[in-house]
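Written below as structure tokens is the structure these notes are about.
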Amino acid sequence: MSGASAVGTLEAESPQPPVKKQRKQHAPDSVLGTLAKIALLGIVDAVAVYVLIQLASQHEWLIFAVALAVTLVINWIYLRRGGLPAKYLAPGVFFLLLFQVFVMAYSTYIAFTNYGDGHNSSKEDAITSIQLAAQERVPDSPQYANTVLEKDGTFYLLVTEPDGTAKLGTTGEPLHEVTPSTTSSTGQATGVDGYRTLAFTDLLQNQQAVTAVKAPISDNPADGSLATSDGSTAYVFAPKLKYDAAADTFTDTTTGAVYKDNGQGAFATADGQQLSTGWKIDVGFLNFQRAFTDPNLSGPLWQVTLWTFAFAFFSVLTTFALGLFLAIAFNRADLRGKRIYRVLMILPYAFPAFLSGLVWSGLLNPEFGFINNTLLGGADIPWLTDPWLAKFSVLLVNLWLGYPYMFLVCTGALQSLPEEVDEAARMDGASAWRIFRSIKLPLLLVSIAPLLISSFAFNFNNFNVIYMLTGGGPRFDGTTYDVGATDILITMVYKVAFGGTGRDYGLASALAIIIFIIVAVISTVSFNKTKSLEEIN
Amino acid sequence: MKVRSETLNKSVTRRAFAIGSLGTAAAAALAACSGGTSTASSSSASTSAAASSSSAPTGAAATLTLWTDAERSPALKDIAAKFKADKGIEVKLVVKDFASVRDDFITQAPTGKGPDIIVGPHDWLGKLVQNGVVAPVQLGDKASLFNPVAVKAFTYEGQVYGLPYAVENIGLLRNKKIIPEAATTFEEVVAAGKKAVAAGDAKYPFLVGLDPKQADPYHLYPLQTSLGSVVFETGADGGYDATKLGLDTEGGAAFAKKLAEWGDKGTKVFNSNITANIAKEKFNKGESGYFLSGPWNVPDAVKGGVDLVVDPLPTAGDKPAQPFVGVNGFMISAKSKNALAANEFVVNYLSLAEAQDSLFDQGGRPPALIESFDKAAADPIVKAFGEIGTNGLPMPAIPQMDAVWADWGATELKLIKGGVADPAAEWKKMAANIAAKIKS
């Protein structure tokens, strides 16, 4: 959120000619300026019209309406006279809406659906897929060499029986014998008088129409129908499931079982047999309800929440302490080679966190890892597999990853502190510790506290370190979910939503919203608290 | 869109003006073009106009999009070129990160923006069918040209959904310098390995890579099957039946006991601290005579100077040791607008020996086409892997398989680490957990 709103403020503060602001009447634009305005607005509108046409052709009416509204607002803002602030604010607001508000609104919407594996598209799509998959080749039926013919815009399949008779048919017109006008060298019929034989390129032009042709074998539909998927070979298919559009049900042609819309985004029989492809529906608060009432979830949830707070708190505390200590140490005016030290300090910051996680999990291997093997002389310490040691290891690795940031921040803040206060305190005979505790630290905290809060929020969701180092393990007993002692909320969400029998974007969104609320509350409370720090000044 | 309107406010220079007017022209042209194509493609379904105007040979030909990974892309270039020469259709090879192909395909196919063809392992099928994004493929008489296990792997709920091209499974890699004779049972393997360690020829009797979080059910599976426990039983149609979990059996309990016996607190045949990387390194350095692994580790082992042979998988019980077989193949999108061309390319071109040969040359995995496999089997290592594979079991493609891995692996790890009072009970608990997960 902070990123986009920052953009917004920047826009608002970008240089504005003060003269214009004071004038009530808008000065007439130069000819060149007007032309440029028209041209640029023209580009925007051209793109907008293109997008609108595309959306209309795909019947995305909601997005169409939004896009149309945005386009109209843009035109109104830039075409009317005056209203300069709006012209500067509009882009920022637009991006804020697009990248923050829309994303949040969309995940909120997803949280109320069953979007996930097996429910990822519309009902029409699901029906089409089920019908497609239900087309089964009739067992032991022959493979026909096939030619596609065309007459008056209808496509016909021309096949040759093994005994040499040629047959022609199309959708709604059962196969019947014809006399071919042309045959290939292998005796396959390739043309019939009055019909045009389609070459491969013609086929390509009409792929969907050709593959949709289903020529019944005989007058009895139960015999199946002929269809081709590549234009040159045809097979006899009989559907395993039949869709009845009026009743909205699928019927199994062999067992007679009836699959009905079960209200949960799938076709199912009365006894719970479900067809594999389903569709997306709204499920209300079901996902939130599951998060709190599933006995497998609510048990470990408390342990994980507790550890998440501990992890985020100790991560900030340790990295800040080490970063500050090093910053003070390297801030001494009489230290030589400061630059080299500082570069070395920042090195861990340059590694991607997920790589470091993997490397550290190798270093901490009980038997072959560098830490046990070389540093500790062959000790067999289970760094990552004992619950408490694993927690300790995670904090240690996060300290290694995180202190350079704090070091940088503290170095910057220290250098901006006034020297005089320091000197005055020294003249008064204060000890170094006293100066640090009573003067430097409070002054530092004024500028650093907001960063500590954001660091807390970051670590609260520090997926990389946990996932790459321990994967959340060692596992808890007594839950069927793959949740363990070092899992924090975000890794737990990931595992619960994506580690079960399928991806469940709905549940994931619901849990993400819960985490968002927790972080938002903590941040608000902490930011309010830091206001009291500022009073020191 | 917004970036441009932002520039509206900046003081306008001559150059900006020029760029702006150019941009307008370009945008107008773009809009015109796209409008044209979209009407063309929508009208192509309604036949008459398009059919009569289609005499132009290749100008309006479709383009197929195939999502592949960097490794397979070069192997497909030649066959795509041949297809283009024969049929005038270009196959656009889009190189994607392998790990993201399946999920991107599932999310993009319903929007109509996904590819026409993807290449991937057969165990994606369950997810793909569940989401309705793949279309059945008719192999017809060509099915008999392929390794039956490969076709079976691509069969899901009675339909074939892909054209297989490679079969992949593990085998027992043996360093002939350390252990000259092949063994048939796991007991003999362990005994031979221990003898080599006692003689000072090796440091480890046996190596298999174990993940520190998940052990490795995939690699240990042949030992489990030879004791009589499969992960899912097969149903009437020959496919895996999600309701029949095969873990909670006597064989499973026996396997659990054996794991504890072979583990860290027992005979140390398995070492929970040896990860896949460490195992590979130790084997390539000649520190063990055995390495339970797949063809992917062969090139480096040979390079490392290991005198390599691949033995059939040793049995731990009285049943055959059956590994999981992974089959790679090409699948067609259910939402492809070029279904006909895609089928033509997949069924009639990718099934050619030259295509399968070239995929083998690049990837080194035993080809699924019998003709190509026979050629590739001139290499004894390929031959050995291929023969092990014909006795293997296709990796279950049913979506429920996802629910199995985490618990299965964690329990194996726990048993190997030792300290579990009753391994059989631990195994039973795991099976119950998995069954509960599948039900929910």
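Proteins get letters first, then strands, A, B, ... in listed order; numbering begins at 1 in each.
In this structure, CD on Q130(B) lies 7.0 Å from NE2 on H119(A), to the nearest 0.5 angstrom. Atoms CD and CG, on Q214(B) and D482(A) in that order, are 6.0 Å from each other to the nearest 0.5 Å. Rounding to the nearest 0.5 Å gives a distance of 8.0 Å between CG of D402(B) and CG of D117(A). Atoms CG and OG, on L128(B) and S129(A) in that order, are 11.5 Å from each other to the nearest 0.5 Å. Taking OG1 of T211(A) as the reference point, atom CG of L340(B) lies at 6.0 Å (rounded to 0.5 Å). Distance check: N348(B) CG to T233(A) OG1 gives 6.0 Å after rounding to the nearest 0.5 Å.
For N277(B), no part lies near chain A; criterion is any non-hydrogen pair under 4.5 Å. Only the backbone of L139(B) comes within contact range of chain A, with heavy atoms under 4.5 Å apart. Both the backbone and the side chain of I274(B) come within contact range of chain A, each with at least one heavy atom under 4.5 Å from a heavy atom of that chain. Contact of S229(A) with chain B is made through backbone and side chain together, with heavy-atom distances under 4.5 Å. Proximity to chain B is absent for every atom of Y144(A), based on heavy atoms less than 4.5 angstrom apart. Within the 4.5 angstrom heavy-atom criterion, no atom of T228(A) approaches chain B. With a 4.5 angstrom heavy-atom cutoff, Y161(B) touches chain A only via side-chain atoms. For chain A, the nearby part of K213(B) is the side chain; its heavy atoms alone come within less than 4.5 Å. Proximity to chain A (any heavy atom under 4.5 Å) is shown, for I106(B), by both the backbone and the side chain.
Within the 4.5 Å cutoff, side-chain heavy atoms of D103(B) are placed close to those of R503(A). A heavy-atom distance below 4.5 Å is not found between the side chains of E367(A) and S272(B). Using a 4.5 Å heavy-atom threshold, the side chains of E281(B) and F368(A) count as separate. Residues D86(B) and F200(A) form no side-chain contact, since every pair of their non-hydrogen atoms from C-beta on lies 4.5 Å or further apart. Using a 4.5 Å heavy-atom cutoff, the side chains of D230(A) and Q138(B) are not in contact. For the pair K337(B)/Q208(A), a side-chain contact is recorded, criterion being any heavy-atom separation below 4.5 Å from C-beta on. Side-chain atoms of Q135(A) and P136(B), non-hydrogen and from C-beta on, never get closer than 4.5 Å to each other.
Every residue two or more places apart in sequence or in another chain was checked for a ring-ring contact (aromatic ring centres under 6.0 Å, His included) with F105(B), and none qualifies.
By a heavy-atom distance cut of under 4.5 Å, N120(A), S121(A), D125(A) are the residues of residues 120-127 of chain A near chain B, going up by number.
When every heavy atom of E344(B) is checked against every heavy atom of S232(A), the shortest pair comes out as OE1-OG, 3.9 Å. For N273(B) against N365(A), the heavy-atom pair with the smallest separation is O-ND2, 2.7 Å. Considering every non-hydrogen atom in both S276(A) and V129(B), the closest pair reads OG-CG1, 3.9 Å. Nearest approach of T385(A) to K417(B), heavy atoms of both residues: CG2-CE, 3.6 Å. In plain terms, the two heavy atoms of G116(A) and N131(B) that are nearest each other are O-OD1, 3.8 Å.
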Next on the checklist: Set out, in order, the CA-CA distance, both residues' side-chain angles and the distance that settles side-chain contact (heavy atoms from CB on, under 4.5 Å) for R475(A) and D407(B), then state yes or no.
Outcome noted: CA-CA 10 Å; R475(A) 276 170 60 121; D407(B) 290 76; 3.0 Å; yes
